[in-house]
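Working notes, beginning with the structure itself.
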Amino acid sequence: MAKIQTPQAVRGTQDMFGEAEERFAHVVATFERVRRLYGFKGLQLPVIEPTAVFSRSLGEATDVVSKEMYSFEDRGGDSITLRPEFTAGIARAYLTNGWQQFAPMKLSVHGPLFRYERPQKGRYRQFHQIDAEIIGAAEPAADVELLVMADQLLKELGIDDGVTLQLNTLGDTPSRDAWRAALVGYFNDHKGALSEDSLSRLEKNPLRILDSKDPKDRPIADAAPVIDDFLSGEAQDFFGAVTAGLDAAGVAWTRNAALVRGLDYYRHTAFEFVTDRLGAQGTVLGGGRYDGLIENLGGPATPAVGWAAGIERLGMLIDAVPTQQIEAMIVLENDAGLGHAFALLRQLRQAGISADMIATGSPKKRYDKAVKQSPAAILRVNEDGYYGMSGEGNNDRLKSVLQSLA
RNA sequence: GCGACCGUAGCUCAGUUGGUUAGAGCGCUGGUUUGUGGUACCAGAGGUCGGGGGUUCAAGACCCCUCGGUCGCCCCA
């Protein structure tokens, strides 16, 4: 029989183990703890949604919808998409479950998302985010609440000093539309000096020219009309209330008038926590207000704000997580004592002590193997059962369990 | 979708301008030593050099294609 070629992992997916997995789990555990402190309810959502959930809400012209979604037809002929982001699915769940009755809702989710992109540092085809949203709250206090939570999360993860909060407002719909029109007019007047990338942005997503990295574009982008000149009084007041709230809560922020969001649904507050420690992927946590989204999905006008952060990106920024080590490692020095070892293992584990044993390989090298796993204590078992422990430090709990067994 | 670099043992890598049976360390298995908190030594297993095609008397080294990886562009968390 010919040896078959082992299938490879799908490009852009990860098999996380060891340190990478521990970092990942630590980020999720910290998020789960912090979101409870802020009274956000957990949520479990499907990974697949009808394609329309995303195409209607993100904007047909966005890169995510036009070329990055994993979409397929299922056996019933429906177009299904692996979620490329959380917000649209949350909005869909809010509508289809009649959760208007609970508004305002503070919700949190985490899990895998899928985008067909070229893999890169901090960017994968299956990636993972933590996500927090407040749906049905029109007040700037909701924006503040989310930002304060994000700030605390980053502090608790110990990465706040390398990360800064950049804040901007995109205004309400009239402000944003007027600004956008002015930008298109302005950039059209300077077409000749723009980079090729920016010329195509001009067609699809003119706001993106503002944060172009091309040096050719910088002078033009820097001199472009600013949103502040187009903000309605209401929009100004809203942004002022957000910044005042952040100041009162002690959250540091900087204004970045060129900060725009990639997806069409954002209004008013837009923000990113950015770092320079992740190569090209500067954004660690980003979000904003999306008051128009739920209407786009056929629901009633519903104000909402939210943010999402890449778990892998956060995991790369945090300090090494102390690895979990086994408390009691049994070394079976003589196979005749296997029954004693089984019994002791079960008793330890039932008493809440993590335990494992080494009973294979050369009997003389078992002790060395146990030592290499650096357990808190090594329990020696021979044909007569447990007869001694090596270990130091605070293993009082273990000692008392062993005594109770004696 | 575009560009650059990379792909040799389970892991990290070496392999001279192409030249016999492809190497090391770690890990793994066994043994000797030591004799109870990571000892030292010996031996062994383990590789279609990512895959396919080509150039050549000869390819792990050169060329083409392809699949992966990494990092940029784009986009985004």
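Values reported hereafter were calculated over all heavy atoms of this structure, with side chains retained and with hydrogens, waters and symmetry mates removed. In what follows, chains are A, B, ... by sequence order, proteins preceding strands, each numbered from 1.
- Side-chain proximity of A/Arg313 to B/rC76, B/rC73, B/rC75: nearest is B/rC76.
- B/rA77 atom P lies 10 Å from atom CD of A/Glu68, rounded to whole Å.
- For A/Arg123, whose side chain is taken as the heavy atoms from C-beta onward, the closest listed nucleotide among B/rC73, B/rG69, B/rC76 is B/rC73.
- Looking at the side chain of A/Ser374, the nearest of the listed nucleotides B/rG38, B/rC75, B/rG72 is B/rG38.
- For the residue pair A/Glu333 / A/Tyr387, a side-chain donor-acceptor distance below 3.5 Å is found, with atom types taken as modelled.
- Considering only the side chain of A/Lys213, B/rC74 comes nearest among B/rC74, B/rA77, B/rG38.
- Side chain of A/Arg201, nearest nucleotide from B/rU36, B/rC76, B/rC75: B/rC75.
- Nucleotide B/rA9 forms a pair with no other nucleotide shown, judged by Watson-Crick or G-U wobble geometry with both contacts under 3.5 Å.
- B/rG37 has no base stacking with the ring of A/Tyr367 when judged by centroids under 5.5 angstrom apart and an interplanar angle below 30°.
- Between the side chain of A/Arg208 and the base of B/rC76, no donor-acceptor pair under 3.5 Å is found.
- When distances are taken from the side chain of A/Arg118 to each of B/rU70, B/rC74, B/rU39, the shortest belongs to B/rU70.
- Distance A/Arg125 CZ to B/rG68 P: 8 Å, rounded to the nearest Å.
- Among the nucleotides B/rC75, B/rU39, B/rC73, the one closest to the side chain of A/Asp368 is B/rU39.
- The side chain of A/Tyr266 sits closest to B/rA77 out of B/rG27, B/rA77, B/rC75.
- Considering only side-chain atoms of A/Arg11, the nucleotide from B/rG68, B/rG38, B/rC74 that sits closest is B/rG68.
- Between the side chains of A/Trp179 and A/Asp229, no donor-acceptor pair of N or O atoms lies under 3.5 Å.
- Atom CD in A/Glu203 sits roughly 18 Å away from atom P in B/rC74 (whole-Å rounding).
- Counting to the nearest Å, the P atom of B/rC75 and the CG atom of A/Asn205 are 8 Å from each other.
- Figure legend. B/rC41 is base-paired to B/rG31; pairs are counted as Watson-Crick or G-U wobble with both atom distances under 3.5 Å.
- In this structure, the side chains of A/Ile134 and A/Met105 stay at 4.5 Å or more apart for every pair of heavy atoms.
- If you check B/rG3 for Watson-Crick or wobble pairing at under 3.5 angstrom, you find it paired to B/rC71.
- Pairing of B/rU16, defined by two Watson-Crick or G-U wobble distances under 3.5 Å, is not identified with any nucleotide.
- Listed candidates were B/rG38, B/rU36, B/rC71. Nearest to the side chain of A/Lys121 is B/rC71.
- When Watson-Crick and G-U wobble pairs are counted only if both distances are under 3.5 Å, B/rU36 pairs with no nucleotide at all.
- At a threshold of 4.0 angstrom between heavy atoms, the contacts of A/Arg115 include nucleobase atoms, whether or not backbone atoms are also involved.
- No side-chain donor from either of A/Gln126 and A/Thr13 sits under 3.5 Å from a side-chain acceptor of the other.
- Between A/Lys213 and A/Asp197, no side-chain nitrogen of the basic residue sits less than 4.0 Å from a carboxylate oxygen of the acidic one, so the salt-bridge criterion is not met.
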